[in-house]
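Below is one structure, written out as structure tokens; the observations come after it.
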Amino acid sequence: MNILIIGNGGREHALAWKIRQSPRCSKLFVAPGNPGTAQVAENVPIAADDFSKLGEFCIAQSISLLVVGPEAPLVKGIRDYFEQDAALKHILIVGPGKVGAQLEGSKDFSKQFMVRNGIPTAKARTFMAAELDQAMDYISTCKPPIVLKADGLAAGKGVIISLSQTEAKAVIKDMLVNKKFGEASAKVLIEEFLNGIEVSVFVLTDGKDYVILPEAKDYKRIGDGDTGPNTGGMGAVSPVVFATPTFMKRVEDEVVKPTIAGLQKDGIDYKGFIFVGIMNVGGTPYVIEYNARMGDPETQAVMPRIKSDLVDLLVAVGEGSLQGKTIEIDPDHAVTIALVSGGYPGDYEKGKVIGGLGSYEPTLVFHAGTRQQQDKVVTEGGRVLAVSGKGSSLEDARAKAYAVAGQIQWDGLYFRKDIGQDLLNFKI
Ligand code: AMP
Ligand code: GLY
């Protein structure tokens, strides 16, 4: 079958790399893609949110399966657009409709969903600009740290953790009144702080049944030892030592099952990935957030560990025939290191020539923010590449990833040196 992936990051390169391996995949396209996806698929110069052009392309190329990588086209309603068009509605889509995508698109919606369905999460209250006084009064009753969350999509920057009530009051005013995150902070959640360790859990569902993909740990801060500002993700490891079988069983029973049941109860026909950000608080799982897509860079660590034919699973998701399907997971470890532009997550220069690219298999080099410039590949984004090493132990996978990361160069290249280090001698 012919398959189209939407997106242009490292996540989409990893998805394309895995999908390409399926004997069921005939032609594979990525819109708009990047120089990395061009190695395993054909790039199509159509933007991820240009639904009419994407639709025309799907008809022209007889696309049977559409895999949506990022959240923006989902929240904007790509599934609804395809389902409402008689010429497109036969196409199987991996990714929820507009309402389901609100699990990610609105933190207020997802919090209400969790509360309604008995899914463990931090206590929260939501306020709008007209309720500033009430929000201030409420903050006066909260014990710091106080978590403030913009309701809408804010490119991963919408969560601020304040260490005092005074700071939290200034921050919420900035969000609600000064519209710090634009419309995304028209509503703000004030949330209880959860003290624990985070793990990313990935569920693939057809709305009735599900499979759980390998879990991963993301490293969000720019600096070694989890210091400095937040980023989109500086690295990932899978599996995660503290996500023991006992803990994952609790996640499945207390989070995944009630989530799927809740979607059904609410009449949300959810077909796609659900990325559940979980806080492990002394062995009890709490949901921090839902995303309606896979994680980046977690996907670059997760895909190399999936042994099953991913297209089989994605087709079953699209068709609604996931019942009875299982997923085979490689016990090997994977470590992914994000190679970023100097200055990221602040300002950075683009257009630096990347040296040392080549084939390092089995260690994989996934492209994120790169651009082809004649015969050279140059930097085009903050997160430029993701290097994924695999090995029989965490040490081995780290050594392989870092050996390759060390061979790639450009002016200003930076990466964290400690991805996975905290888990080497982790005491559960
Ligand atoms: P999010 O944008 O929802 O992924 O949140 C960004 C980060 O803020 C999360 O990855 C957590 O590290 C942190 N965070 C969010 N909510 C909480 C909470 N209730 N307690 C503690 N940390 C949180
Ligand atoms: N790495 C976190 C995310 O994709 O949201």
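Just follow the structure's listing: the first ligand is 1, and inside any ligand the first atom is 1. FYI, side chains are in, hydrogens and waters are out, and symmetry mates aren't considered; it's all heavy atoms of this structure.
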Exercise. Heavy atoms under 4.0 Å from ligand 2: which residues qualify?
Worked result: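 Contacting ligand 2 under 4.0 Å are Asp218, Gly232, Phe275, Arg293, Gly295, Asp296, Pro297, Glu298.
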Between [Y] and [X], does any NZ, NE, NH1 or NH2 come within less than 4.0 Å of an OD or OE carboxylate oxygen?
X      : Y      : result
Asp226 : Arg416 : yes
Lys271 : Asp206 : no
Lys111 : Glu191 : yes
Asp396 : Arg398 : no
Lys390 : Asp330 : yes
Asp108 : Lys187 : yes

For this session: Specify whether Tyr138 and Phe127 have parallel, tilted or perpendicular ring planes, treating 30° as the upper limit for parallel and 60° as the lower limit for perpendicular.
Result: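 The arrangement is tilted - the two ring planes meet at 30° to 60°.
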Exercise. Phe51 ring centre to Lys76 NZ or CZ under 6.0 Å, with the angle to the axis within 45°?
Worked result: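 Flagged: Lys76 positioned over aromatic ring of Phe51.
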Exercise. Taking the six-membered ring of Phe273, is NZ or CZ of Arg293 closer than 6.0 Å to its centre and within 45° of its axis?
Worked result: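 No; the conditions do not both hold, so Arg293 does not lie above the ring face of Phe273.
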Problem set entry | For ligand 1, the residues whose heavy atoms come within less than 4.0 Å (ordered by chain, then number) |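 Lys107, Ala122, Val147, Lys149, Val159, Ile161, Glu191, Glu192, Phe193, Leu194, Glu198, Lys220, Met279, Ile288, Glu289.
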